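This one's a predicted model, so the numbers in the text were calculated from it and none came from an experiment.
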Amino acid sequence: MKSPVLAAIVNFVLPGSAYILLKQRVLFGGLILTSELIYLLAPLPPAVAEALDQSLDNFQLGDWSLAITAWLIYATAFAIDAYRLAETNLSS
C-alpha cells in the first residue's frame, strides 16, 4: 500500500490495520487492532447489559456524545499517523 490517503482511510476504519499492511510498527498495529476487535466483538457481562438496558430507558444523545467524540479523535490520530508513515515510505 503506497497511497497515504488509503493508509489513512484503512487506519480510520480499523485502527492499527494500516501499520500491519505497511509492514511498519507491526506489533503496535497488531496490539491496537486486537484491542479494537475485542472491544467491538466481546459481549457485555449480563449485569452490565442489564444495567445498560435499564439506563437506556432515559437515553439521550448527549449521554454518548463524549464517547463518540473521543472515538473520532482516537481514530483520526491513527489515520494521520498512517498517512505520515505511508508518505515517508513513498518518498523513500
Closest approach of Ala7 to Leu22 (non-hydrogen atoms, all atoms of both residues):
CB-CD1, 4.2 Å
Can you get from Ile80 to Leu85 by hopping between Ile, Leu, Val, Met, Phe, Trp and Tyr side chains that sit under 4.5 Å apart?
no
Working to the nearest 0.5 angstrom, can you tell me the gap between Asp81 CG and Gln24 CD?
10.5 Å
Hey, could you give me the CD1/CZ distance between Ile73 and Phe78, rounded to the nearest 0.5 Å?
13.0 Å
Contact between Val26 and Tyr19 at the side-chain level, heavy atoms closer than 4.5 Å - yes or no?
no
Starting at CD1 of Ile9, measure out to CG of Leu14 and round the result to the nearest 0.5 Å.
13.0 Å
Please give me the minimum heavy-atom distance between Ala18 and Asn11, naming the atom from each residue.
N-OD1, 3.0 Å
Give, for atom CG of Leu21 and atom CG of Leu6, the distance between the pair rounded to the nearest 0.5 Å.
8.5 Å
Quick one: CD1 on Ile20 to CG on Leu33, what's the gap to the nearest 0.5 Å?
5.0 Å
